[in-house]
Amino acid sequence: MLQVRQLNKHYGNTHAVNDLSFSIKKGEILCLLGSNGAGKTTTLNILLGFIQASSGMAELDGLDMYKQKDLCRKDLMYIPENVHLYPSFTAIENITYLAELSGLTLAPEDIKSSLIRTGITEQHINKKVGGFSKGMRQKVLIAFSLLKHAKLVLMDEPTSGLDPVATNEFIDVINNIKQRGTAVLIVTHDLLCAHELADQIGIMKDGNLTELIDNNNLSLPELTQHYFNQFTA
Ligand code: ATP
């Protein structure tokens, strides 16, 4: 679903991203780990079409993510670290508005079912989102990604600031969207979350993907060891 090949982004002498290659299939989750300044945000910005790569290619289901960014956006959902919604709208009203911006018309009943599937309770469905926690605001966007049948969900630091219960709920919700065939790329510093969710784990350092590990059959201590090997050499 997502193909990244020999992607580079240079700022003067800084190689923010250096020869990056990976792919994510339908229903697969890749978590990108790395220290500050490793190139994770730059990678996300290229995939979102916000910045142009210096060279290389990124394709979503065969579409160039920079040259055909408007087409890609229909199939893409970006969930930033802090989700901003209209605080005086309910979750249903927020999704209705986001859908209209994307040229979609959604039935309130379908929006409600999607919100409930992502863990927004009946009692919150008609409440203004101004009082929602970070995790609940995330769930609203995840519900929208289900409704727009996003082929790829990109997430930036989704578990930072979530308590352990909210983190567990997040893991359940993401496993749910994975089962529906969505490809998911998560940029995170959270080794535990990456270990719980990922099929593949990439470790970035100084713009390079220094390891791309199959997370199936990898224990958390083994993952932790891989990570620290990169940064404590
Ligand atoms: P963090 O975990 O702190 O968010 P990161 O892995 O997301 O870090 P990036 O923000 O992608 O790292 O930055 C990678 C490198 O590129 C850093 O050295 C950064 O200073 C540099 N960089 C990023 N954006 C620019 C820019 N617009 N101009 C110049 N250098 C930049």
Side-chain angles (χ1 to χ4, degrees), residues 2-24 28-60 64-67 69 72-73 76-84 134-135 137-138 141-142 145 152-163 166-167 170-171 174 183-213 215 220 223-233:
L2 174 66
Q3 292 273 347
V4 173
R5 288 284 166 266
Q6 294 177 308
L7 203 65
N8 286 280
K9 181 68 187 175
H10 304 156
Y11 293 105
N13 291 329
T14 306
H15 285 199
V17 172
N18 195 24
D19 246 351
L20 181 67
S21 297
F22 62 83
S23 55
I24 311 180
E28 212 177 57
I29 300 175
L30 188 149
C31 289
L32 270 186
L33 302 169
S35 58
N36 297 123
K40 306 178 300 295
T41 305
T42 305
T43 304
L44 274 186
N45 284 336
I46 294 171
L47 299 182
L48 287 163
F50 293 159
I51 56 174
Q52 187 170 18
S54 307
S55 62
M57 72 93 167
E59 284 184 358
L60 173 57
D64 185 303
M65 296 184 81
Y66 187 77
K67 292 187 188 138
K69 59 184 144 195
C72 284
R73 275 184 192 143
L76 188 65
M77 188 75 208
Y78 172 53
I79 306 196
E81 181 171 351
N82 285 303
V83 172
H84 294 287
K134 173 180 166 149
R137 282 182 277 119
Q138 249 176 10
L141 277 199
I142 294 170
S145 76
L152 173 68
V153 173
L154 301 174
M155 308 188 89
D156 194 5
E157 293 293 350
T159 56
S160 83
L162 292 190
D163 66 39
T167 300
F170 168 78
I171 288 168
I174 297 303
V184 182
L185 175 65
I186 300 176
V187 163
T188 184
H189 291 294
D190 184 343
L191 290 180
L192 182 59
C193 165
H195 182 254
E196 285 286 322
L197 276 174
D199 297 289
Q200 308 177 73
I201 295 181
I203 302 179
M204 288 188 77
K205 183 182 179 186
D206 300 332
N208 296 290
L209 185 65
T210 52
E211 285 215 65
L212 187 59
I213 314 163
N215 185 45
L220 182 59
L223 170 62
T224 308
Q225 194 60 54
H226 273 279
Y227 187 83
F228 283 101
N229 284 346
Q230 299 299 321
F231 296 103
T232 55

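On a predicted model such as this, the values are computed, not experimentally measured, just so you know. Atoms within each ligand, like the ligands themselves, are counted from 1 in listed order.
Using modelled atom types, no side-chain atom of His189 and backbone atom of Glu157 make a donor-acceptor pair closer than 3.5 Å.
Distances shorter than 4.0 angstrom occur between a heavy atom of Ser35 and an atom of ligand 1. Residue-ligand proximity: Gly39 is placed with a non-hydrogen atom under 4.0 Å from ligand 1.
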Taking it one step at a time, do Gln230 and Thr210 satisfy side-chain hydrogen bond (donor to acceptor under 3.5 Å, both in side chains)?
-> CA-CA 8 Å; Gln230 299 299 321; Thr210 52; 2.9 Å; yes
Applying side chain to side chain contact (heavy atoms under 4.5 Å, CB included) to Asn229 and Tyr227, what does each step give before you reach the verdict?
CA-CA 5 Å; Asn229 284 346; Tyr227 187 83; over 6 Å; no
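Atom 8 (O) of ligand 1 has Gly37 N, 2.7 Å as its closest protein atom, hydrogens excluded (heavy atom only). Given atom 31 (C) of ligand 1, the protein heavy atom at minimum distance is Tyr11 CD1, 3.3 Å. For atom 10 (O) of ligand 1, the nearest protein heavy atom (residue, atom name, distance) is Thr41 CB, 3.7 Å.
Within the 4.0 angstrom cut-off, atom 3 (O) of ligand 1 has one or more protein heavy-atom neighbours. Under the 4.0 angstrom criterion, atom 25 (C) of ligand 1 counts as having a protein heavy-atom contact.
The closest side-chain donor-acceptor pair between Asn8 and Ser54, if any, does not fall under 3.5 angstrom. Between Gln6 and Ser55, the side chains place no donor N or O within less than 3.5 Å of an acceptor N or O (distance only, hydrogens not considered). Asn208 and Asn18 form a side-chain donor-acceptor contact under 3.5 Å, judged by distance and modelled atom types alone.
When the heavy atoms of Val17, Thr42, Val187, Thr188 are ranked by distance to atom 11 (O) of ligand 1, first place goes to Thr42.
For ligand 1, the atoms closer than 4.0 angstrom to any heavy atom of His189 are 2 (O).
Checked by distance only, ligand 1 and Ala16 stay at 3.5 Å or farther apart across all their nitrogen or oxygen atoms. An N or O contact shorter than 3.5 Å is missing between Thr14 and ligand 1 by distance. An N or O contact shorter than 3.5 Å links Ala38 to ligand 1 by distance.
With contacts defined as side-chain heavy-atom distances shorter than 4.5 Å, the pair Ile201/Leu30 does not qualify.
Between Tyr78 and Phe50, the two ring planes are perpendicular [angle over 60°; tilted spans 30° to 60°].
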